[in-house]
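Because only heavy atoms are used, hydrogens play no part in the values below, and waters and symmetry mates are left out as well, while side chains stay in. Please read these numbers as outputs of a predicted model, since none were measured by experiment. Below, read A as the first sequence line, B as the second, and so on, with proteins coming before strands; counting in each chain starts at 1.
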Protein chains: 2
Amino acid sequence: MERSSTPSGGSTRREATRQKLYEAAVTLIAEQGFSATTVDEIAERAGVAKGTVYYNFASKSVLFEELLRHGVELLTASLREAAERTDRDGGTKVDALDAMIRAGLVFISRYPAFTQLYVAELWRTNRTWQSTLMVVRQQAVAVVEGVLREAVAGGELSDEIDIPLTAAALVGMVLVAALDWQSFQPERSLDDVHSALSRLLQGRVSGNR
Amino acid sequence: MERSSTPSGGSTRREATRQKLYEAAVTLIAEQGFSATTVDEIAERAGVAKGTVYYNFASKSVLFEELLRHGVELLTASLREAAERTDRDGGTKVDALDAMIRAGLVFISRYPAFTQLYVAELWRTNRTWQSTLMVVRQQAVAVVEGVLREAVAGGELSDEIDIPLTAAALVGMVLVAALDWQSFQPERSLDDVHSALSRLLQGRVSGNR
DNA sequence: TTTTTTGCACTGACTGGTCAGTGCAAAAAC
DNA sequence: GTTTTTGCACTGACCAGTCAGTGCAAAAAA
């Protein structure tokens, strides 16, 4: 029997409900943590019955894992796009790095709750979604590593730099600076924060300006 | 048999029990999070009866708050000590910054669980120990800000840098790089990680070597 | 056309289990 | 003699997950 459905398979209605659940869950979990957030709260915030959560997701953790995947896909897409745009415009790899820092800041200011939650869970061990988290982390860091590698290959950066460690440190710097910005000095502009970070990396990494 | 009492007044026995509870709680909470960790688990890991936990701490959250306070005191003491030692040895303020980066790495490698847990809780809102956390964060960041301020005053760093933001970014860089090091490449040496971070900050912040 | 059936999306009361915190008497340590 | 710890039974709130049932619109049958 033919039922009405979107071309890509999932019904629109269901997809909308899922989206509402993601949005409700992300803020609650960012504020309180995974374990302290109840499924009842998520359902209530989404304006949906508890049963609906379980109709759409196998369990509370599965909801969370899909939320993580979904969010990191947005982030990596945005980082990649920033790097590619810089390439197209004839910028250097170092310019691309700077553009990715800005893209990171834009992402974090748009989805602060997601970022919070990601940082809070990333280094935990012994959790069911640990493997999901690893995959997802690697996706994001790999984009930065790629640009660093190209910069080294093209002679823009010294080949003495440790690519994985430098990539992790860069990501960490942006993440923590941005979270601090959001939490403790939200009145500052993105340009402000971006230029402070660029300045911090002047000389070796981000070139003179 | 030697009869010793602590200089600070509390009985040694009680203090030892508290210490065992801190150690048990810090690893469990780092792994699982605060809400997912039960008091029974903490007691068992510490090799102590559940009643003892409540004899020594008013509640689970109070245990956690005192744990946070205790840990950050160790960290700030160690940062301050690194900066002062550099001063005594006639180093520049930039040298002091570098020494503090190293002290941060040493601390994190000695107390990885505490660091994990600190990062996981720092940007949460709506939690009872939020105010404790803010106080404690400010203590640590203030040490870095102080050295940055002195470096600017002494002309070692440009007076254009944004001190609070730069301090936060530095702390974040070290924190995230170190956690990544512990989690994903634990075989690397501290010197390795330290020199990668120094290199990242060459030119503007950490000088040439 | 009108009636009946089908399947999807959702609902919310209910259940079985978990866990923070209590109370207390006896033991151990000091 | 006092402080600290133990062991353990108990309570009550809270919560993840379940399930029988509802509303609805498209499809099939009449």
Side-chain angles (χ1 to χ4, degrees), chain A residues 1-26 28-29 31-67 121 126-129, chain B residues 1-26 28-29 31-67 121 126-129:
Chain A
M1 179 176 299
E2 261 315 293
R3 313 246 100 243
S4 77
S5 61
T6 51
S8 47
S11 79
T12 306
R13 189 174 166 209
R14 228 182 150 180
E15 213 39 63
T17 307
R18 280 185 140 100
Q19 190 61 39
K20 279 195 292 182
L21 285 170
Y22 284 151
E23 277 160 25
V26 80
L28 286 167
I29 297 179
E31 281 170 6
Q32 307 176 323
F34 175 82
S35 304
T37 301
T38 70
V39 175
D40 289 278
E41 277 177 313
I42 296 173
E44 192 190 347
R45 170 86 66 115
V48 133
K50 187 178 189 177
T52 304
V53 176
Y54 287 93
Y55 182 76
N56 284 282
F57 299 94
S59 68
K60 185 184 167 187
S61 342
V62 168
L63 162 57
F64 183 56
E65 281 182 67
E66 302 204 357
L67 174 58
E121 295 294 337
N126 280 0
R127 307 223 87 171
T128 49
W129 56 79
Chain B
M1 177 100 37
E2 184 67 30
R3 185 154 313 189
S4 63
S5 69
T6 49
S8 47
S11 88
T12 305
R13 189 161 162 234
R14 227 179 152 187
E15 212 41 63
T17 307
R18 281 186 138 99
Q19 190 61 39
K20 278 195 293 182
L21 285 169
Y22 284 152
E23 277 160 24
V26 80
L28 287 167
I29 297 180
E31 281 169 6
Q32 308 177 323
F34 176 80
S35 307
T37 301
T38 69
V39 174
D40 289 278
E41 277 178 312
I42 296 173
E44 192 191 347
R45 169 85 67 111
V48 133
K50 186 179 183 177
T52 305
V53 176
Y54 285 93
Y55 184 76
N56 284 281
F57 298 95
S59 70
K60 186 184 168 188
S61 337
V62 167
L63 162 57
F64 183 55
E65 282 182 68
E66 301 205 356
L67 173 58
E121 295 294 337
N126 280 0
R127 306 223 89 172
T128 47
W129 55 78

Does A:K60 reach the main-chain N or O of A:T37 with its side chain, forming a donor-acceptor pair under 3.5 Å?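 Yes, A:K60 side chain to A:T37 backbone: donor-acceptor pair under 3.5 Å.
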So, the side chain of A:E41 versus the backbone of A:T38: is there a donor-acceptor pair under 3.5 Å, distance only?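 Yes, A:E41 side chain to A:T38 backbone: donor-acceptor pair under 3.5 Å.
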If the plane angle is over 60° it's perpendicular, under 30° parallel, otherwise tilted; pick one for A:W129 and A:F64.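 Perpendicular: the ring planes of A:W129 and A:F64 meet at over 60°.
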Can you classify the ring geometry of B:Y22 versus B:F57 as parallel (below 30°), tilted (30 to 60°) or perpendicular (above 60°)?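 Ring orientation, 0 to 90° scale: tilted.
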Look at the side chain of B:K50 and the base of C:dG21, then say whether one donor and one acceptor between them are separated by less than 3.5 Å.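 In this structure, the two groups form a donor-acceptor pair.
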Using purine N1 to pyrimidine N3 plus N6-O4 or O6-N4 for Watson-Crick, or N1-O2 and O6-N3 for G-U wobble, each under 3.5 Å, what pairs with D:dG21?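 Pairing partner: C:dC10.
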Is any side-chain nitrogen or oxygen of [X] closer than 4.0 Å to OP1 or OP2 of [N]?
| X | N | value |
| --- | --- | --- |
| A:R14 | C:dA9 | yes |
| A:T52 | C:dA9 | no |
| B:Y55 | D:dT5 | no |
| A:T17 | C:dC10 | yes |

For atom [atom1] of [X] and atom [atom2] of [N], their distance in whole Å:
| X | N | atom1 | atom2 | value |
| --- | --- | --- | --- | --- |
| B:N56 | C:dG21 | CG | C1' | 15 Å |
| B:F64 | C:dA20 | CZ | P | 14 Å |
| B:Q32 | C:dC19 | CD | P | 10 Å |
| B:Y54 | D:dA9 | OH | P | 18 Å |
| A:L28 | D:dC15 | CG | P | 12 Å |

Between [X] and [Y], what is the shortest heavy-atom contact and its length?
| X | Y | value |
| --- | --- | --- |
| A:N56 | A:R14 | OD1-NE, 3.2 Å |
| A:L21 | A:V48 | CD2-CG1, 4.4 Å |
| A:S59 | A:Y54 | CA-CE2, 4.0 Å |

Residues touching DNA chain C, which here means a heavy atom under 4.0 Å, drawn from residues 37-45 of chain A: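 The answer is none.
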Which part of the nucleic acid does A:K60 contact within heavy-atom distance under 4.0 Å: base, sugar-phosphate only, or nothing?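 A:K60: backbone/sugar contact only, no base atoms under 4.0 Å.
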Check every strand shown and say whether A:V48 touches a base, only sugar-phosphate, or nothing at a heavy-atom separation below 4.0 Å.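 Sugar-phosphate: the residue A:V48, judged by heavy atoms under 4.0 Å, touches backbone atoms but no base.
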Closest-nucleotide 5' rank along DNA chain C - winner of A:G51 and B:A36: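 First, find each residue's nearest nucleotide; the 5'-ward one identifies A:G51.
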